Amino acid sequence: MIVAHLTDMHIAPPGGLAYGAVDTAGCLAACLAHLRGLDPSPDAVVLTGDLVERGTDAEYERCLGLLSQLAMPVYAIPGNHDEREAFRRSFAYAGYLPASGYLQYVVENWPLRIVALDTVVAGAVGGALDDGRLEWLDARLAERPAMPTLVMMHHPPFVTGLTYMDAQGLAGMNEFATVVARHPQVERILCGHLHRAIVARVGGTVAVVAPSTAYQLALDLRAEAAGAYVMEPPAIYLHQWRHGQGMASHLSLVGDFGPVRSFTERPGRAP
Ligand SMILES: [Fe+2]
Ligand SMILES: [Fe+2]
């Protein structure tokens, strides 16, 4: 099974640009064209939040219009830029979101089980996992301890070293790690929010932050770093699970990097 992991699309209203400069819808369209060109095709797509810029119905409509190009199932959770009720309304057709409360759910019937967690605090940049959300996670993971599992969440549950982001990180991350450590079937924790490819160990498993499909955070590990973005290439992750072999996570950059060249090609030699 291959799970494509896209995040932080930040779709603006029609005609709008993020930060007045970034055509986020065009960026997502490029990522989706890239995804549709993959062989083998991913079996499912997960979106780890910040689907849109301000959480309006018009933005979700535009986002879903782009996502409708995909033939495989798409599982989404909100980020701090999303608005919970508009998100719920927009994705109601998919059938996996609860009718009320946090946007948390479980996806069964795949070789990988997906547990989707809602870390959003309305109106805040940072996220939180309070006792209720952690108990829900613990109970869901306890249901199928032998089933390889992905946990998806917007806010990464670790300190990144990007100080201006860590200052508004995830409350409850230590308690989250304690819960995950009780459930060794968790193969990966898939995150967004940081707009960079970052990997860390959390609760004995591997947490992966995917880059944004649009713009990336500037990599600045100085303690006094200020928030800034950079137009490094968008990318998606491909998490491949093979029974008996485990999971490998591949970063797939989106852009024109020239042709794929055979190792057996020789300059000047006719094909
Ligand atoms: Fe974001
Ligand atoms: Fe975010």
Side-chain angles (χ1 to χ4, degrees), residues 3-38 41-99 102-105 107 114 116-120 122-123 125 127 152-155 190-195 209-217 229 231 233-238 252 254-255:
V3 176
H5 176 194
L6 284 66
T7 198
D8 291 82
M9 301 106 89
H10 286 262
I11 300 302
L17 302 173
Y19 300 106
V22 185
D23 174 17
T24 49
C27 292
L28 176 58
C31 288
L32 296 178
H34 176 85
L35 201 164
R36 288 161 63 207
L38 294 173
S41 179
D43 300 283
V45 174
V46 297
L47 310 174
T48 49
D50 286 358
L51 273 53
V52 302
E53 189 64 7
R54 298 187 191 282
T56 64
D57 288 326
E59 291 173 331
Y60 285 112
E61 193 177 320
R62 191 181 193 198
C63 183
L64 286 171
L66 289 161
L67 291 171
S68 67
Q69 302 169 18
L70 298 177
M72 67 287 281
V74 176
Y75 302 108
I77 50 166
N80 51 295
H81 281 259
D82 291 295
E83 200 283 315
R84 201 174 267 126
E85 296 314 316
F87 190 109
R88 194 190 314 272
R89 278 195 298 278
S90 302
F91 280 89
Y93 76 93
Y96 54 76
L97 292 178
Y102 293 121
L103 296 170
Q104 308 191 134
Y105 56 91
V107 180
I114 299 173
L117 198 51
D118 181 339
T119 57
V120 172
V125 175
M152 55 189 280
M153 58 202 291
H154 183 63
H155 295 85
L190 310 183
C191 316
H193 189 56
L194 268 300
H195 293 229
V209 182
S212 165
T213 56
Y215 57 91
Q216 314 307 328
L217 287 197
Y229 72 91
M231 295 310 291
I236 68 175
Y237 260 105
L238 299 172
S252 183
V254 178

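Index from 1, following the sequence. Since the structure is predicted, the reported quantities are computational estimates derived from the model, not experimental observations.
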Exercise. Please list, chain by chain and in numerical order, all residues satisfying ring-ring contact (aromatic ring centres under 6.0 Å, His included) with Tyr102, sequence neighbours excluded.
Key: none
Quiz item: Could you state the interatomic distance from CD1 (Ile77) to OG1 (Thr119), rounded to the nearest 0.5 Å?
Solution: 6.5 Å
Quiz item: Where do Met9 and Thr24 land on the side-chain contact (heavy atoms from CB on, under 4.5 Å) test, with the steps shown first?
Solution: CA-CA 6 Å; Met9 301 106 89; Thr24 49; over 6 Å; no
Exercise. Start with the C-alpha distance between His195 and Gln216, add both sets of side-chain angles, then the distance that settles side-chain hydrogen bond (donor to acceptor under 3.5 Å, both in side chains), and finish with yes or no.
Key: CA-CA 5 Å; His195 293 229; Gln216 314 307 328; 5.2 Å; no
Practice problem: Name all residues meeting the side chain to side chain contact (heavy atoms under 4.5 Å, CB included) criterion together with Met231; count only those two or more places apart in sequence or in a different chain, and write none if there are none. | Solution: Val22, Tyr215, Tyr229
Exercise. Please list, chain by chain and in numerical order, all residues satisfying salt bridge (charged side-chain N to carboxylate O under 4.0 Å, His left out) with Asp43, sequence neighbours excluded.
Key: none
Quiz item: For the side chain of His5 and the backbone of Tyr237, is there at least one donor-acceptor N/O pair under 3.5 Å apart?
Solution: no
Quiz prompt | Approximate separation, where rounding is to 0.5 Å, of Leu194 CG and Asp8 CG | solution = 8.5 Å
Exercise. Using the salt bridge (charged side-chain N to carboxylate O under 4.0 Å, His left out) rule, collect all pairs that involve residues 56-78, keeping only residues at least two apart or in two chains.
Key: Asp57-Arg89
Quiz item: Of the non-hydrogen atoms in Pro78 and His154, which two are nearest, and what is the gap between them?
Solution: O-CB, 3.5 Å
Quiz item: How far apart are the closest heavy atoms of Leu97 and Ala76, and which atoms are they?
Solution: CD2-O, 4.4 Å
Quiz prompt | Step-by-step side-chain contact (heavy atoms from CB on, under 4.5 Å) determination, Leu47 to Met152 | solution = CA-CA 9 Å; Leu47 310 174; Met152 55 189 280; 5.7 Å; no
Exercise. For His155, check ring-ring contact (aromatic ring centres under 6.0 Å, His included) against everything at least two apart and list the hits.
Key: His193
Exercise. Supply the atom-to-atom distance Ile236 CD1 to Ser212 OG, rounded to the nearest 0.5 angstrom.
Key: 12.5 Å
Quiz prompt | Test ring-ring contact (aromatic ring centres under 6.0 Å, His included) applied to His34 - qualifying residues, sequence neighbours left out | solution = none
Quiz item: Are Leu6 and Leu35 side-chain neighbours, meaning at least one heavy-atom pair lies under 4.5 Å?
Solution: yes
Self-check item: Heavy-atom pair of closest approach, residues Ser68 and Gly65
Solution: OG-O, 2.6 Å
Self-check item: Criterion side-chain contact (heavy atoms from CB on, under 4.5 Å) on Val209 and Cys191, from CA distance to verdict
Solution: CA-CA 5 Å; Val209 182; Cys191 316; 4.1 Å; yes
Exercise. Name all residues meeting the side-chain hydrogen bond (donor to acceptor under 3.5 Å, both in side chains) criterion together with Thr213; count only those two or more places apart in sequence or in a different chain, and write none if there are none.
Key: none
Exercise. Provide the full list of ring-ring contact (aromatic ring centres under 6.0 Å, His included) pairs with a residue in residues 51-76, sequence neighbours left out, each pair given once.
Key: Tyr60-Phe87, Tyr75-Tyr96
Quiz item: Can you tell me how far CD1 of Ile114 sits from CG of Leu190, rounded to the nearest 0.5 angstrom?
Solution: 8.0 Å
Quiz item: Got Pro42 and Val3 here, is their nearest side-chain heavy-atom distance under 4.5 Å?
Solution: no
Quiz item: If you take all heavy atoms of Cys63 and Val52, which pair is closest and at what distance?
Solution: CB-CG1, 4.2 Å
Quiz item: Mind checking what makes side chain to side chain contact (heavy atoms under 4.5 Å, CB included) contact with Leu66, not counting sequence neighbours?
Solution: Ile11, Ala25, Leu28, Ala29, Leu32, Gln69
Exercise. Flag the pair Leu103 / Phe91 as yes when at least one side-chain heavy-atom distance between them is below 4.5 Å, and no otherwise.
Key: no
Practice problem: Quick one: pull up CE in Met153 and CG in Leu117 and give me the separation to the nearest 0.5 Å. | Solution: 5.5 Å
Quiz item: Given Leu38 and Leu238, is the side-chain contact (heavy atoms from CB on, under 4.5 Å) satisfied, shown in steps?
Solution: CA-CA 10 Å; Leu38 294 173; Leu238 299 172; 3.8 Å; yes
Exercise. Can you tell me which residue pairs pass the salt bridge (charged side-chain N to carboxylate O under 4.0 Å, His left out) test with a partner in residues 64-88, sequence neighbours excluded?
Key: Arg84-Asp118, Glu85-Arg88
Self-check item: Which atom of Gly55 lies closest to which atom of Ala86, heavy atoms considered
Solution: O-CB, 3.4 Å
Practice problem: State the SG-NE2 distance between Cys27 and His10, to the nearest 0.5 angstrom. | Solution: 11.5 Å
Quiz item: At their closest point, which heavy atom of Thr7 faces which heavy atom of Gly192, and how far apart are they?
Solution: OG1-CA, 3.5 Å
Practice problem: Kindly indicate whether the side chain of Leu64, heavy atoms from C-beta on, has any atom under 4.5 Å from the side chain of Ser90. | Solution: yes
